[in-house]
Amino acid sequence: MKNTGYIVYGKPDIKQAEIEEVVDSMKNAWLGSGPKVHQFEQNFAEYKNIDSSMVAAVNSCTAALHLALIASGIGPGDEVITTGMTFCATVNAIIHSGATPVIADIDATSYNICPLNIQKKITAKTKAIVVVHFAGNACDMNQIMKISNNHCLKVIEDCAHAVESEYQGKKLGTIGDFGCFSFYVTKNMTTGEGGMVVAKNKDDIDKIKMLALHGISKDAWKRFSDDGYKHYQVVFPGYKYNMMDIQAAIGIHQLKRIDQNHIVRAAQFQRYLEMLKDLPIKHPPSPSKGDKASYHLYPILVKDNYGINRDQLIQKLHLLGIGVGVHYLSIMSHDYYQKNLPTENKTPVADKFGQQTLSLPLSSALTETEQSRVINALRKIYNEVD
Ligand SMILES: *Cc1c(COP(=O)(O)O)cnc(C)c1O
């Protein structure tokens, strides 16, 4: 798009350091998984305060989720409980593992999966829970870990929104058996496409690394190194999910600025809250006491009894040069899941949220002037329908 002043939703914040690091990879001709992926993994582990052998860089969060499920031994005949308010990739990864997704409704305040609803969905076939820390607010992990311990279930944390988030002082992704992160373009930090798996257990992360690279035996993935050629063995029919050095080159510098960018979004969040507090919209929840939010999204709810519904508001903002997001239509409102998942998957709270929600621009790439334009546009629109 030309520079027309249109505020594109989710524009990444790319700086010169990333550009130079990518050029460096191109020049030294190490494009695939190599030293920069290794460095990025180490830096990420350090950021998460865990041992660097407990992370694996992959090419998306979708891949990360799929691998976590496969490494958990989940497959056909199993059930995996997840939330009705998430991106489709969470559910598709479960389907690709061969298991049946069971969709639980969300809590109306936090928009996160409701532990009571998880409890209700457990059967003899349930093997795992995939939780999503929606918008970067932590799920009720104490309750969820209690349920998982009582029923011997694996817990996989979809942390696509939650790189920076903490729950009662614990970094998200390190509480369950696996944490899966996304570095997609619109996320808090990006590698273009990319993801990361964090595991609690050494055997699990070793399995993830093996599965992410064709299922070939561990040491063999250095087969073209300067130690000389080595034969390799395939120990499982694995996947092609490894991260490239070109992606890691971007990620290394994005991670360096993550806390700085977090401060910018936190301030933008407070500013929306303050400047739009009298409008007839519902604002997103602030983090629970003792938690750290990532401030990934600013999802408002448009109350449809106020002369303008969500889709009309999106259109009016668009005409004023402002792009917004919708996170998300509920899982059960999509055609495929409606037709193919069991009919007991009723999620009225997520469905209603999905009809009313709209995400305002929230990004370190958004300038203060641009945020003012968003605020003024919303005030103007609501003034006119008044
Ligand atoms: C973006 C997203 C994903 C998928 O991430 P990719 O890296 O694009 O595969 C999964 N879950 C949630 C909640 C997301 O927002």
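In each ligand, atom 1 is the first atom listed, and ligand 1 is the first ligand listed. Computed from a predicted structure; not experimentally measured. Residues: numbered from 1 along the sequence shown.
- Between Phe353 and Phe134, the distance separating the two ring centers is shorter than 6.0 angstrom.
- A distance below 6.0 Å separates the ring centres of His318 and Tyr6.
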Salt bridge (charged side-chain N to carboxylate O under 4.0 Å, His left out) between Lys127 and Asp78: does it pass, once the steps are laid out? CA-CA 6 Å; Lys127 290 286 155 55; Asp78 298 334; 2.9 Å; yes

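- In this pair, Tyr295 and His262 present their aromatic rings tilted. The plane angle is within the 30 to 60° band.
- Hydrophobic clustering, with ILVMFWY side chains joined whenever heavy atoms are under 4.5 angstrom apart, groups Leu273 together with Leu362.
- The side chain of Ala160, and not its backbone, has at least one atom closer than 4.0 Å to an atom of ligand 1 (non-hydrogen atoms only; side chain from C-beta on).
- Of the protein's non-hydrogen atoms, Thr62 OG1, 3.7 Å is the one closest to atom 4 (C) of ligand 1.
- A centroid separation of 6.0 Å or more is found between the aromatic rings of Tyr47 and Phe40.
- Interface of Gly194 with ligand 1, defined as ligand atoms under 4.0 Å from a residue heavy atom, comprises 7 (O).
- Nearest protein heavy-atom contact of atom 11 (N) of ligand 1 is Asp158 OD2, 2.8 Å.
- The closest donor-acceptor contact from the side chain of Thr347 to the backbone of Ala350 lies at 3.5 Å or more, if one exists at all.
- The contact set between ligand 1 and Tyr184, taken as ligand atoms under 4.0 Å from a residue heavy atom, comprises 8 (O).
- For ligand 1, the polar-atom distance check finds an N/O of Cys61 within less than 3.5 Å of one of the ligand's N/O atoms.
- Note on ligand 1: Lys187 sits in its first shell, one or more heavy atoms being nearer than 4.0 Å.
- Met85 and Ile81 fall into different hydrophobic clusters, where Ile, Leu, Val, Met, Phe, Trp and Tyr are joined by side-chain heavy atoms under 4.5 Å apart, directly or via other members.
- In terms of protein heavy-atom proximity, atom 3 (C) of ligand 1 is closest to Phe87 CD2, 3.8 Å.
- Residue, atom and distance of the protein heavy atom nearest to atom 7 (O) of ligand 1 are Ser182 OG, 2.7 Å.
- Not close to ligand 1: Ala64, with no non-hydrogen atom less than 4.0 angstrom away.
- Near Thr90, meaning under 4.0 Å from any of its heavy atoms, are these atoms of ligand 1: 11 (N).
- Taking the centre of each ring, Tyr298 and His296 stay at or above the 6.0 Å mark.
- Note: no N/O pair closer than 3.5 Å links Thr86 and ligand 1 by distance alone.
- Between Tyr328 and ligand 1, a contact under 3.5 Å exists for at least one N or O pair.
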